[in-house]
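In what follows, chains carry the letters A, B, and so on, assigned in the order in which the sequence lines appear, proteins first and then strands, with residues in each chain numbered from 1.
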6 protein chains.
Amino acid sequence: MASALLLAVAAVIALGAGHGAAFDPNPLQDFCVADTTSKVRVNGVPCKDPATVTPDDFFFAGVDRPGGAASRRYGFTALPVQIPGLNTLGASHARVDVAPGGVFPPHYHPRASETAVVLDGAVYFGFVTSYPDNRVYAKVLRKGDVFAVPQGLVHFLYNNGTAPAALYATLSSQNPGLVLLADALFGAGLPDDLLAKTFLTDLDTAHKIGAKFRS
Amino acid sequence: MASALLLAVAAVIALGAGHGAAFDPNPLQDFCVADTTSKVRVNGVPCKDPATVTPDDFFFAGVDRPGGAASRRYGFTALPVQIPGLNTLGASHARVDVAPGGVFPPHYHPRASETAVVLDGAVYFGFVTSYPDNRVYAKVLRKGDVFAVPQGLVHFLYNNGTAPAALYATLSSQNPGLVLLADALFGAGLPDDLLAKTFLTDLDTAHKIGAKFRS
Amino acid sequence: MASALLLAVAAVIALGAGHGAAFDPNPLQDFCVADTTSKVRVNGVPCKDPATVTPDDFFFAGVDRPGGAASRRYGFTALPVQIPGLNTLGASHARVDVAPGGVFPPHYHPRASETAVVLDGAVYFGFVTSYPDNRVYAKVLRKGDVFAVPQGLVHFLYNNGTAPAALYATLSSQNPGLVLLADALFGAGLPDDLLAKTFLTDLDTAHKIGAKFRS
Amino acid sequence: MASALLLAVAAVIALGAGHGAAFDPNPLQDFCVADTTSKVRVNGVPCKDPATVTPDDFFFAGVDRPGGAASRRYGFTALPVQIPGLNTLGASHARVDVAPGGVFPPHYHPRASETAVVLDGAVYFGFVTSYPDNRVYAKVLRKGDVFAVPQGLVHFLYNNGTAPAALYATLSSQNPGLVLLADALFGAGLPDDLLAKTFLTDLDTAHKIGAKFRS
Amino acid sequence: MASALLLAVAAVIALGAGHGAAFDPNPLQDFCVADTTSKVRVNGVPCKDPATVTPDDFFFAGVDRPGGAASRRYGFTALPVQIPGLNTLGASHARVDVAPGGVFPPHYHPRASETAVVLDGAVYFGFVTSYPDNRVYAKVLRKGDVFAVPQGLVHFLYNNGTAPAALYATLSSQNPGLVLLADALFGAGLPDDLLAKTFLTDLDTAHKIGAKFRS
Amino acid sequence: MASALLLAVAAVIALGAGHGAAFDPNPLQDFCVADTTSKVRVNGVPCKDPATVTPDDFFFAGVDRPGGAASRRYGFTALPVQIPGLNTLGASHARVDVAPGGVFPPHYHPRASETAVVLDGAVYFGFVTSYPDNRVYAKVLRKGDVFAVPQGLVHFLYNNGTAPAALYATLSSQNPGLVLLADALFGAGLPDDLLAKTFLTDLDTAHKIGAKFRS
């Protein structure tokens with residue numbers, strides 16, 4: 001299932017490859033619909049021939065129900081809103097569903113700020129400020145609530161209730177990037193001794209935690 | 001009622017006054033929560049003392065139901081998502097409800113691109129490209145559909161069905177600005193002869209249309 | 001004649017296709033002269049081989065007299081300053097001539113602010129602020145006067161005198177875009193009932209006005 | 001007379017103090033008219049109370065004739081277009097007149113690209129690319145000609161004809177800055193031995209040239 | 001000692017408070033030297049009176065030896081380069097010393113890319129790409145080596161040798177921000193059950209690790 | 001030897017061709033490693049296939065000793081830090097060595113601010129503000145000192161001591177550009193009479209100085 005989520009997120013990244021970062025460069029024409037078939041690689045996705053653009057290039061359906069791939073590991077699903085016409089428009093979106101007891105674990109977006117509106121259920125949502133403060137700004141969000149996360153800061157979702165929670169997230173970039181802290185630390189193959197020093201723990205604990213991410 | 005809408009929108013603008021445009025300048029610290037009481041006027045809203053910032057500065061409630069002020073003239077209501085913490089984060093949001101037969105008439109945002117997701121009902125949504133093409137990209141959107149509008153282009157919502165429609169709109173700016181074309185032309189006191197020449201019509205027709213906007 | 005104007009403006013857009021918007025991304029080398037023959041489509045125009053660049057790539061002649069194509073409909077001519085070397089330099093220019101009784105009707109540029117200096121004659125010039133204020137800032141300009149228009153706001157020229165007027169306009173973008181409000185509304189094929197609701201008028205009036213733009 | 005020019009240019013800089021550089025940060029509201037009386041110093045000029053803004057804040061007169069202060073040393077006059085409303089709009093303008101035999105000596109703008117249109121007369125105009133090429137792109141410009149200069153590159157005007165020349169210059173910044181190369185080198189009090197090494201010449205020659213700038 | 005490091009880093013943040021992020025807005029005048037005494041809070045630091053600026057405002061000494069505060073926990077010291085004149089210039093610097101066996105643990109900068117040059121010793125240096133790849137790009141760096149880290153990605157330093165290592169780091173922002181992953185997770189007071197789910201481990205392990213960060 | 005330096009600097013420019021200017025457009029993906037073999041020319045360097053990227057793409061060695069090409073004319077050597085992975089990351093670096101009595105003559109970077117740290121020796125370093133002030137901010141720098149130069153301002157290095165000096169320079173752009181004032185004036189083939197008027201001197205002096213640059 002993780003590989004399924006991987007595919008879903010990869011889809012965002014694929015669509016997003018080269019898309020504008022948060023606070024993207026301004027658009028340089030009415031529209032530049034992403035040409036995902038182009039062999040040209042630049043800081044931004046090439047555009048398809050405007051003559052071939054249709055309304056569907058600005059359209060996506062299915063945000064009214066859970067979708068995308070599931071992370072059994074964490075208990076969430078993520079449905080990226082894939083709109084080629086968003087290329088150069090400085091925004092991206094996703095629906096996220098978190099099962100009871102599930103989390104969208106602490107993560108950040110290297111190139112975007114974020115807001116999320118709760119469509120259903122309730123969830124504990126928050127972000128952490130940068131070093132040395134590491135202050136947590138968090139709140140339980142319910143249906144109709146909106147919460148904002150500053151650019152690049154660590155944030156998380158935790159459904160500690162009994163009903164499924166659904167959110168619609170907006171990122172201020174077409175390709176915000178996603179870094180799940182635990183996966184970046186334990187799923188990337190960093191040396192156990194580095195990780196032990198990082199978490200002020202022993203090699204055995206670091207190794208045991210890493211084993212879970214390698215399985 | 002128009003003045004009520006005026007107040008609601010003014011609230012957005014007040015909150016937004018000086019906020020970043022679409023494609024805002026990058027944020028310059030973890031956060032700069034809008035200090036709407038400051039007497040300082042700059043290209044961007046001054047920040048309140050970080051020591052006084054609370055989670056509620058990043059929070060807004062009520063997007064799950066219609067709200068804000070109603071425009072009886074056009075048949076819509078607009079509920080701005082007022083989050084002081086969005087200052088410098090490059091985004092703003094609003095819930096829009098359109099009654100059966102109502103419109104959010106042709107308008108544009110001088111400083112933002114936009115996406116909208118349909119929460120309920122159905123609506124005819126589209127945008128018009130710039131001169132000389134003036135091509136329309138439009139589609140009937142239903143619950144769960146998302147549609148994108150490039151920066152600064154004219155777009156509209158028309159509920160030509162029998163059920164109320166509700167949308168959640170995202171703008172790529174903290175202060176996108178709003179220009180309703182008809183109001184800018186007939187509600188601003190432009191000379192009738194200029195308007196007649198603009199619409200290739202006679203003075204009497206221009207005057208009659210303007211009278212509706214002045215009443 | 002409209003199609004002639006269309007060609008002239010299309011020329012600007014063609015040159016401008018993908019050029020930087022107002023507040024363009026910074027230039028990324030000494031110069032990137034537009035290669036209008038390139039098949040590559042990106043958010044910005046590809047550059048021609050620097051070895052083939054000549055002084056003429058930074059040069060344009062003919063701003064000292066009326067030129068470009070005429071809009072008989074509105075009574076103006078527009079001469080775009082076509083300089084391939086302006087690619088990535090964040091500016092564009094045009095000479096505009098307005099005949100007595102003619103107008104450059106209310107319009108805006110989705111991606112630029114503008115200034116205009118009067119070369120000859122006199123003209124009533126102004127802009128309208130965004131909703132809900134819709135305040136008009138206008139003035140009769142005479143030879144040697146300069147007036148500025150903020151990014152994306154509606155503005156107009158009206159020669160209500162007896163002598164031809166000529167202006168030299170500067171836009172803070174290489175591809176500002178142009179939206180003529182009346183043409184975007186009535187020349188794009190929007191439904192008459194939407195237009196009637198937009199102008200608080202009846203279907204017949206909306207249809208009659210539209211007929212002029214379709215002819 | 002130099003001090004007179006100094007005052008004129010200082011006026012531009014005063015107005016421009018803190019204005020946006022070429023490729024300014026985007027404007028963050030409809031307008032932010034420069035409040036030159038504010039004691040607040042930021043990266044950008046504070047705005048005056050919008051309630052006190054008038055059409056004249058976007059207006060300047062007198063570009064139809066020579067003006068500003070004269071540089072007897074070089075034989076030019078420069079008339080800055082002073083429009084408080086240009087604050088945050090990413091552009092500035094000036095009229096420049098060059099007497100027969102006069103020059104606007106080699107200079108550059110640290111924060112802008114430039115275009116100039118010839119209003120009267122003829123002038124030899126050009127720019128020099130960066131190290132190591134130092135290639136000159138130059139041309140004799142006549143009435144109605146426009147020439148562009150990339151951001152930050154050295155350029156010059158030389159009226160080697162018999163009639164006065166007048167130009168209207170546009171810079172892609174509200175505060176482009178101006179560096180006259182010879183004045184920066186010999187008018188700033190750099191040590192003669194450094195200048196001698198810079199110009200591959202002897203101390204005496206460096207000192208003699210500097211004396212002219214100190215007188 | 002941690003609080004000492006805290007002070008040192010706080011000093012950077014204090015100086016940096018409101019400074020431009022990586023890819024800062026362009027500077028808007030020759031210089032805007034940070035006025036750290038100003039009561040004005042904006043997205044960027046106010047400037048001191050240019051008349052009071054001296055060469056020392058652009059100067060810092062002491063990068064040739066270890067300095068700043070030490071983190072006994074991790075075995076490094078960080079010396080921020082404090083130059084008020086860097087306000088609006090889009091860069092910041094620090095000298096970092098890592099003792100044998102010490103680490104600058106995995107961290108990222110929410111608003112900057114980074115490069116580091118090794119002044120002395122050797123260190124294992126690397127960064128991790130975003131989800132889902134989590135690929136590590138790492139290398140042992142020796143004296144005179146330079147390594148680059150893309151904006152916002154997790155990176156680390158590990159001195160697994162026997163000699164002290166010293167680096168000079170450059171960040172593409174005046175206020176890049178610093179997030180130490182382990183501290184943000186375990187030092188911020190996040191609930192143990194959230195942390196257990198994040199690390200795919202049990203409550204006891206999460207609690208034990210957290211205890212080290214709370215001590 | 002000049003041509004040798006030319007080659008070294010050309011190498012920077014080659015690598016930098018199309019790289020981001022100071023205050024570059026934000027990066028649009030985790031990384032976009034410069035593909036210097038691409039035939040595509042855009043405002044920014046195309047990226048190589050991410051699948052072929054290795055740690056060495058972010059790596060450069062040799063800054064611990066003098067390198068690059070020497071300018072016998074001025075007495076300095078410049079070693080550009082060539083890291084393809086810096087493409088889109090908004091920074092570049094170089095090691096500069098200045099022999100006793102040598103200078104890095106007055107120059108500026110059209111698209112960057114700069115800081116320099118002294119690795120060895122001592123050097124007189126300074127910058128000059130823009131017209132009309134032309135104020136010099138200078139200081140003798142010794143090992144471990146850092147000095148900042150605002151974007152686009154003229155600055156210089158002068159080793160008036162008896163020991164070699166070495167600096168590590170950081171520029172806030174991947175392609176800052178370099179303009180040596182004397183070379184741009186006398187090495188570009190500008191007419192002697194223009195140069196004489198520029199330096200308030202006679203044709204013979206201008207010609208004699210130019211001869212040195214042509215030899």
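The heavy-atom pair separating F:Ala148 from E:Ile83 by the smallest distance is CB-CG2, 4.3 Å. Between E:Ala61 and F:Asp145, the closest heavy-atom pair is CB-OD1, 3.3 Å. Scanning all heavy atoms of the two residues, the minimum distance from F:Ser172 to E:Gly90 falls at CB-O, 4.2 Å.
At least one side-chain heavy atom of F:Val146 sits under 4.5 Å from a side-chain heavy atom of E:Tyr168. Residues E:His93 and F:Thr115 are in side-chain contact: their nearest non-hydrogen atoms beyond the backbone lie under 4.5 Å apart. No side-chain heavy atom of E:Val149 sits less than 4.5 Å from a side-chain heavy atom of F:Phe58.
For residues 134-141 of chain E, heavy-atom neighbours of chain F at less than 4.5 Å comprise E:Tyr137, E:Ala138, E:Lys139, E:Leu141, sorted by residue number. Taking non-hydrogen atoms and a 4.5 Å limit, the residue list of residues 119-128 of chain F in contact with chain E, ordered by number, reads F:Leu119, F:Phe127.
In terms of non-hydrogen atom pairs under 4.5 Å with chain F, the most contact-rich of E:Leu171, E:Leu153, E:Val118 is E:Leu153.
E:Asp30 places no side-chain N or O within donor-acceptor distance of the main-chain N or O of F:Pro150, the cut-off being under 3.5 Å.
The distance from the CZ atom of E:Phe147 to the CG atom of F:Asp56 is 8.5 Å, given to the nearest 0.5 Å.
With a 4.5 Å cut-off on non-hydrogen atoms, F:Thr170 touches chain E through its side chain but not through its backbone.
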